[in-house]
Amino acid sequence: MVSSGLALITLEDGRASYKGTWSLILNPGKKLAAIHTTFQSGQGLGCVIERLDFQAKETAVEFLRHLLLHNWQLGDVKSEAEPLLLGLAT
């Protein structure tokens, strides 16, 4: 795993799986981060392309909205992510 935190939400580009996966992580210090990784066939988790650390929940919600507007689709969603998803509706 890329981070020791909990992966709240994963997103994938359904039209281009080669783009990898974004994961919204809740770190032990209750800070949110987004990690973009690639996957290598048969080798599990690939390399980290980029990592964004968010100082505020609202910034993380805006980033999720940005990804969704650019054709990224929700993958796994943990119940702990519900407040973030509710933020998307506003």
Side-chain angles (χ1 to χ4, degrees):
M1 186 167 192
V2 174
S3 172
S4 61
L6 172 66
L8 297 175
I9 300 172
T10 60
L11 297 104
E12 298 175 351
D13 188 325
R15 297 179 306 164
S17 61
Y18 63 86
K19 290 184 178 179
T21 301
W22 276 100
S23 298
L24 187 67
I25 306 291
L26 182 62
N27 290 315
K30 301 296 182 192
K31 295 283 186 179
L32 292 166
I35 300 173
H36 187 193
T37 58
T38 60
F39 285 90
Q40 299 173 354
S41 177
Q43 297 178 0
L45 189 61
C47 67
V48 173
I49 298 170
E50 61 185 308
R51 177 189 171 113
L52 304 171
D53 293 304
F54 303 110
Q55 299 302 316
K57 179 181 84 169
E58 295 79 14
T59 309
V61 169
E62 285 301 315
F63 184 71
L64 285 175
R65 184 175 288 123
H66 170 81
L67 290 176
L68 291 169
L69 289 172
H70 287 87
N71 298 314
W72 288 80
Q73 300 170 353
L74 292 174
D76 292 333
V77 178
K78 302 285 190 257
S79 61
E80 295 88 347
E82 186 175 317
L84 294 171
L85 295 177
L86 291 173
L88 289 173
T90 61

Quiz item: Are I9 and L85 close enough that some pair of their side-chain heavy atoms sits under 4.5 Å apart?
Solution: yes

Quiz item: About how many Å separate CD of Q73 and CG of L67, when rounded to the nearest 0.5 Å?
Solution: 12.0 Å

Quiz prompt | Minimum side-chain heavy-atom gap L32-L26 below 4.5 Å | solution = yes

Quiz item: With sequence neighbours excluded, what pairs up with I49 under the side-chain contact (heavy atoms from CB on, under 4.5 Å) test?
Solution: H36, T38

Self-check item: Heavy-atom closest pair, residues H66 and H70
Solution: O-ND1, 2.9 Å

Quiz prompt | Non-hydrogen side-chain atoms of Q55 and K31 separated by less than 4.5 Å | solution = yes

Practice problem: Compare every heavy atom of F63 with every heavy atom of A34, then report the nearest pair and how far apart it is. | Solution: CB-CE2, 3.8 Å

Quiz item: Which atoms form the tightest heavy-atom contact between D13 and W72, and what is the distance?
Solution: N-CE3, 3.3 Å

Self-check item: Lys/Arg N to Asp/Glu carboxylate O, K78 vs D76, below 4.0 Å
Solution: no

Quiz item: When rounded to the nearest 0.5 angstrom, what is the spacing between CG in L8 and CG in L6?
Solution: 5.0 Å

Quiz item: Between L11 and L68, is any pair of side-chain heavy atoms under 4.5 Å apart?
Solution: yes

Self-check item: Exercise: identify the closest heavy-atom pair between L24 and A60
Solution: CD1-CB, 4.3 Å

Practice problem: Quick one: closest heavy-atom pair of G87 and R65, and the distance? | Solution: O-NH2, 3.1 Å

Quiz item: At what distance, to the nearest 0.5 angstrom, does NZ of K57 lie from NZ of K30?
Solution: 13.5 Å

Exercise. Using salt bridge (Lys or Arg N to Asp or Glu O under 4.0 Å) as the criterion, list what pairs up with E80, not counting sequence neighbours.
Key: none

